[in-house]
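Only heavy atoms go into these numbers, but all of them, side chains included; no hydrogens, no water, no symmetry mates.
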Amino acid sequence: MTAPFLIKGTIEDINFVVTADRENYARRRGRKRITAEEFKNNPVFDRICNQGQEFALHSSTLKLTPECLPLNIDH
């Protein structure tokens with residue numbers, strides 16, 4: 001079924017989307033956020049958590065090395 005106009009936006013829990021090809025489709029809106037408890041307990045997020053911990057470890061290490069000090073541009 002095709003309508004003579006494009007719909008864009010949200011009505012209750014249905015999102016109407018217009019693609020780059022000017023095709024129009026509707027989809028049900030998903031959940032907006034996950035809770036902290038769900039993030040901790042859901043194995044889907046384990047990799048993200050591990051990468052965050054690794055990034056934190058390396059970023060704190062970089063702060064201590066003299067090679068990473070800002071360059072003095074006034075020379």
Pairs meeting criterion side chain to side chain donor-acceptor pair (under 3.5 Å) with involvement of residues 17-28, two or more places apart
none
If you look only at pairs with a residue in residues 38-48, which of them pass as a side chain to side chain donor-acceptor pair (under 3.5 Å), with sequence neighbours excluded?
Arg31-Glu38, Glu37-Asn41
For the CD atom on Glu12, are there more than 12 heavy atoms of other groups (residues, nucleotides or ligands in this structure) within a distance under 6.0 Å?
no
Restricting to side chain to side chain contact (heavy atoms under 4.5 Å, CB included), what partner residues turn up for Glu54, sequence neighbours left out?
His58
If hydrophobic clusters are built from ILVMFWY residues whose side chains come within less than 4.5 Å, do Ile14 and Ile7 share one?
yes
Scan residues 29-53 for pairs that pass ring pair (Phe, Tyr, Trp, His ring centres under 6.0 Å), counting only residues two or more places apart or in two chains.
Phe39-Phe45
